[in-house]
Every structure is written in structure tokens, then in C-alpha cells.
Amino acid sequence: MLNVSGLAVARGGVCVLSGVGFTLAPGQALILRGPNGVGKTTLLRTLAGLQPPLAGSVACGEDVIAYAGHADGVKPTLTVTENLTFWAQVFGGGGIGAAMAAFDLDGLADRAAQNLSAGQKRRLGLARMMVTGRPLWMFDEPTVSLDAASVGLFETAVRVHLAGGGAAIMATHIDLGLTDARVLDLSPFRPQPGGVRTGNAPTGDEAFL
Amino acid sequence: MIALLRRDMAVATRAGGGFGLGLAFFLVVVVLVPLSVGPDTAVLSRIAPGILWLGALLACLLSLDRIFALDFEDGSLDLLATAPLPLEGAVAVKAFAHWLTTGLPLTLMAPVLGVLLNLPVPGYRWLLASLLLGTSALSVIGAFGAALTVGLRRGGLLLSLLVLPLYVPTLIFGAEVARRGAEGMPVATPLALLAGISLGCAALMPFAAAAALRVNLR
Amino acid sequence: MMPELGKYAVEVISAYVVSVALLGGIVWASLREGARVRRELRSVEARRDRADG
Amino acid sequence: MQHKDSVPISRRMSLWEYANPKKFMQVSGAALPWVGGLAALCLAVGLIWGFFFTPDDFRQGSTVKIIYIHVPAALMGINAWLMMLVTSLIWLVRRHHVSALAAKAAAPVGLVMTVIALATGAIWGQPMWGTWWAWDPRLTSFLILGLFYLGYIALWAAIDNPDTAADLTSVLCLVGSVFALLSRYAVLFWNQGLHQGASLTVTQDNPISDIYYWPLITSISGFVLLFLTLVLVRTRTEIRRRRLQALLNRERMA
């Protein structure tokens, strides 16, 4: 489903990770780990196609990835149902019933998003992934501000998604109950100072060193 | 696409969406003009088309940064950029939503304010027509400016600086239509040129704006 | 040997003065900025060379 | 025959080598004293010749001497923008950093040229037209060009990431060029609408006799060379600045 090889990514013109490679098959989950600032978010954004890689390749079909960043993408003045329906329609119009149920949002359906608690808003943001109908979900710190019960809901949703032939990549610090997920520690992929050639077109600072 | 249009309209018109602010600003500008240039109705009716156009343009400018900034801050833009809808289409739809919630109400309000400035009677028709055409160009050009400045803190003032020179042709032709209309002169040429600018902008600017957005999302 | 500028002396001279001042200003600003950046770059390069040993 | 054809192609390819920052620094460093010296020489000769050794015009009196500044500055005001347009395109298509930085370097120079053209125009206009400022199409177009320069410079200054800034300013330059052209036509249309036929002509429209022509040409070459010198100096500064930033970034990473 996703084949990454020799990937180097840059943040602010500086190469932060290089030589990243892995493959992800349907039904698999990958957890990215590493200290703050190692480049987890940058890697996810590169995989999602939001920024071009410095080197290497990301092989992935069209319209496969759904990416949820730090922010929830929730409009405060719209209700929970309106928010979710909007994303469902943008991504080709699936129903929102399953997502509402999976993240226990039914009781909040008609509440404006600005009146939700941080955790409830987060659940809404995660439910967004379910209505996209995309097979590969990518999360950046999905469990921030979630309580234990909500983390459980999230795990279940991901597990159901994997069982249905989907896949997931998430950057997180806490231990989720996804025992069969692979873990990729990004620390070894930091470029060694002075010693890295990133191959093709020098981007950012490279040309000036 | 319709979903995006509906959502943007809903966000703009609900409480805190700033829907009425542009209209109120337009009203204030038009009220202040006679207070500053004096109550002479002959002078006012001569400058009325230009003042109405300028007021509408400034009111439109006020709300431009909302086109993308809110979606950028709350992460919606990331998800929109990876959605099946091409980003160019999303930009066009958002600019259209901006026009429906800003340009169109301003256009409809302009004749009412024209009364305050003694706009000559034949001018109303052409004022409406020119604003209807011209504000659409203002929205699309503004969307481009908003896309350029979306990632910047305090980008509002820079946005005005970038967009105002781009507004020059639209303003000139639009105000010319309204002025000639008010003076009973033929308006066909500037009207055609204004229509050309509006159509050209609507066709091409979404591409430039989408390119700028992609750069800003990196 | 000042040329006879007639009644427009003020205009002509002020035009030249303004222009030369503006040109001088951009030249001066460019050179000063260039010197400043060059100095900073030298110090950073020296620091790097020391660190490399 | 085929062998012969391949030579110019390879030569053309090698032109892009100068877009490499290191190569550019070498070449520009060697060329700079010559270009700068020639610029100073041409400017001095052109302006002194024009100011001291040309006769007054029978109609405009001594104000005609302003032409040796006004026309070259106006010319460079426009050509600097054209150069920025070309270098922006090169950056967008071929991603050569030097190209983007040259556009950044040229903008303030172009703005100064535009301001000089406007200022000398106003000073000249006062005795000739009886007003400092008229909303003549040419003057108005230049004012708008000045606004475009301001916006372009402000956008460069506002963005932290240099590659993002280069991309966005290039897009602005392209779109701005189209709108500057549109504005030019719009202003022509608008002014004719305001005062019928009352167009104010600048002496350029009259054929210039030789006695004014040669100092003018010298002065124009001086301005072109001065522009070139300043762009080289400023581009070198920008390259150094980027290198400085790159080294600091690397220190931070280590």
C-alpha cells in the first residue's frame, strides 16, 4: 500500500531525516517514535504529499492517504453533525453514522463544536478520518487530550480499520494497545552532521554549503 | 464542491463570522465622506460613483484574510489539500463563497447608500451592474492575496499592500462604468473591459492562488 | 565653472541633488549590508574551521 | 554536421553553471571591479557632460538637463522589474537559487530608480506644466509600479523560510506583471476619459538632436551598469546571507 525508500525530509530548508525506508501492507500499523523535533510531523506531511521530499521516493496510490495533523479541522460554529457531514461530502459522500458511533459522538450530534471539551473536539477530529473512506490513515499525536476511555475508542476504531484491510501510521509517545503494530524509531535517521549527501536536486541550504 | 460552498457560507453567516462587519464598514465610510468634503449635493453627486466603489473595495478588503486563514489555523486546509477536490477548485469555491457573503451584499447595499450621496438617477443601474461584475474580480484577486499571506502572523496589513495595486484595473474600469452611467454617457467600452477582467481573473487566478497555497502548506 | 541655468536653476540642481542622494543612498546601503554580512560569515566560518580542527 | 550542431547546445547548457552559488561568487567577484568602475566612469561622463556641456532647449530652458537622470532612471525602473520577472521564472522552472536571490537583490534598486524617475519628473513638471503632480497616464503607471515594488519587497521581508519566500515572491512577480500591464492600459483609458486630449508630452516624444543624444546614451549606459553593479553586489550579499544561515543551521543540528 505504501512503499517508502531512501526518503530524506527537510524542515525550514534543513534536512532533518534521511534514509528513511519502510513498507506498509494492508492490515498493518506503524508507530513513529522519537524525541521532540526529530521530524515526525515533517515526515508525515511529506508522506501525505503536502511537501516534497528532499530525496528518495514515496510510492503510494492516488487518493489513498487521509492525514490528520495536530489541529482538528473543526469549525467552532458548526455542529458536530455538520462538521462531519462536510468532510464526508468532500471525500465522496459516505455516511457518518459509523464514525459518530465509533467515537461516541451520538449524544453530541447537535452541539456546536465550540461548546465541546478539548477531548470531545479531538474525538470529532479523529472521526473525520473514518468518513474520508481512505484506506491509509495518518495521525499526528492522535491521543492528545483524550481520556483513557476515548483512547480505547480510538484503538478500537483503528483495529476495525486494519481488520477491514486498511492501514495506519501514527506519531505518538504513549503506548497504545495496538500490540501487533510495528514501531519505527526515527532517531537513527537523523543525518550525521557534515556527512550527508541527499542525492538529487539540492534543496534549501545544501546549495550554499 | 457544493458542500464546501455551503460550509463556507454557514461559517461566514453564523455568529462571529463577520458577515455584517463589511456592510457596516461600507456604511460608515459613505457616511463619513459628506462629513469630510462638505454637504454640497452637487459635489457629492459628482463623486458618488467613485466613493461607492472605493467604499465597497475597502469593505471587501477587510474580510479577505478570513478566506484561508481560519482554515489554515484549524488544520482544515491540510485535509482539503489532500481531498479528491483539486485545490484550484477549492480556491475557486471559497472565493465564490466570499463573493456571495461579501461582494453580493455590498452590491445590493450600494444603491441604498447612493441615496445618501445624491447619486444621479441614471447611475443606479450601472452602479449595480459594475459592482456585481467587479466585486467578483475583487474576491478572486483577494483570494490570491490571502493565499500568499496565509501562513504569516499579522498578515492582514501586508495583504492590503499586496492586493491594492492588483485592484487598480478593476477599480478604474468599475468606477468608470458607474461614473459614466451617472453622467448619462455610454458605458459599453468600460463595461466590456470590466467583464473581461472579471472573467479572466475568475479563470486564471485560482491557479495562482492554489500554487501559493501549496507553497504555504509545505 | 557653473553653467548658466537661467530661471530654472533651482529645479535642475535640486533634481540632480535628489537623484545623486538617492543613488548614493542605495549604493551606501548595499555596500554596508554587504560588509556586515561578509563579516558575520567570516566569523561563523572561522568558528566552524576551529571546530573541525 | 551533427557534430557541429552539438557544440552550441553544450555551450548553452554550461550557461547554467553560473547559477551555482560558488561559481557565481567566483565569476561575479572577478567581474565586479570592472563593471563597477565602468559604471562610475559612464555615469560621471554622462552626467557631467549633460549638466555642464549641453545647451539649453529653446522651449524648456535648462530644465532639459534633467533628462539625463529622468529618462535613464525611468528606463531602469521598468527594466529592473522585467529582470525580476525573468529571474523569477528561472527560479520557478529551474530552481536555481542565485536566480531567486538576484530578483530579491534587484527589487530595492528598481524601487529607487522608480522613485528617482518620479521625483525628477515632479521637479521637472513644476516649471513645465505648472504642477508638481498630474495624474498623467505615464506618471500614474510609474506610481503603481512603485507600489508593486513595495509589495514585492514587503513580501520577501515577511517570510522566514527563504525557499518559501522565493516561491511566493516569484508567483507575486508573475501575477503582478500581468496586472501592471493591465493597469497601464486601464490608466491610459481612464485618463483620456477625464481630460480629453490634454495629454502632457515628455520630450522623449520629440526627436532628440545629436547634441542631447550622445550624453543621454552615455548616461543610460551608466545607469544600466550601475544597476548591474548594485545587483551583483546585493546578490553576493544575499548568497552570503544564505550561506551564513546554512552554517548556523548546521551548527544547531550538530
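Heavy atoms only: backbone and side chains are in, while hydrogens, waters and symmetry mates are out. To find a chain, count down the sequence lines: A is the first, B the second, and so on, and within it residues start at 1. Keep in mind that what you see is a predicted model, and the values were worked out from it rather than measured.
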Novice: Quick one: does D:L248's side chain get under 4.5 Å of C:R47's, heavy atoms only?
Specialist: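 Side-chain contact under 4.5 Å: yes.
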Novice: With rounding to the nearest 0.5 Å, note down the distance linking OG in C:S43 to CG in D:L247.
Specialist: 10.0 Å
Novice: Whether D:R240 and C:E40 form a salt bridge (side-chain N of Lys/Arg under 4.0 Å from carboxylate O of Asp/Glu) is what I want to check.
Specialist: no
Novice: Please state whether the side chain, the backbone, both or neither of D:L226 comes within less than 4.5 Å of a heavy atom of chain C.
Specialist: side chain
Novice: Identify which of C:V20, C:V18, C:V27 forms the greatest number of heavy-atom pairs closer than 4.5 Å to chain D.
Specialist: C:V27
Novice: Any idea which heavy atoms bring C:A15 and D:T120 closest together, and the distance?
Specialist: O-CG2, 4.1 Å
Novice: Before you tell me yes or no, could you show the steps for C:L22 and D:V115 under side-chain contact (heavy atoms from CB on, under 4.5 Å), namely the whole-Å CA-CA distance, both residues' side-chain angles and the distance that decides it to 0.1 Å?
Specialist: CA-CA 9 Å; C:L22 280 168; D:V115 171; 3.9 Å; yes
Novice: Give, as side chain, backbone, both or neither, the part of D:R234 having an atom under 4.5 angstrom from any heavy atom of chain C.
Specialist: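 For D:R234, the contact with chain C is made by the side chain alone.
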Novice: Answer with side chain, backbone, both or neither: which region of D:F223 has an atom nearer than 4.5 Å to a non-hydrogen atom of chain C?
Specialist: side chain
Novice: Any side-chain heavy-atom pair from C:Y8 and D:I66 closer than 4.5 angstrom?
Specialist: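 No - every pair of side-chain heavy atoms lies 4.5 Å or more apart.
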Novice: Rounded to the nearest 0.5 Å, how far apart are CG of D:L244 and CZ of C:R36?
Specialist: 9.0 Å
Novice: Using 4.0 Å as the upper bound for N to carboxylate O, is an ion pair formed by C:E33 and D:R241?
Specialist: yes
Novice: Is a side-chain N or O of C:Y16 found less than 3.5 angstrom from the main chain of D:K65, in a donor-acceptor match?
Specialist: yes
Novice: Who among D:I69, D:V233, D:V112 has the most heavy-atom pairs with chain C under 4.5 Å?
Specialist: D:I69
Novice: Give me the atom names and distance for the closest heavy-atom approach of C:S14 to D:I123.
Specialist: OG-CG2, 3.6 Å
Novice: Heavy-atom count around D:W34 CH2 within 6.0 Å, excluding the residue itself: above 12?
Specialist: no
Novice: Under 4.5 Å from any heavy atom of chain C, what part of D:L230 do you find: side chain, backbone, both or neither?
Specialist: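 D:L230 touches chain C through side-chain heavy atoms alone.
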Novice: Does D:I116 reach the side chain of C:L23, with side-chain heavy atoms less than 4.5 Å apart?
Specialist: yes
Novice: Hey, what do you get for CZ (D:R236) to OG (C:S30), rounding to the nearest 0.5 Å?
Specialist: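 Answer for the CZ-OG pair, D:R236 versus C:S30, is 13.5 Å.
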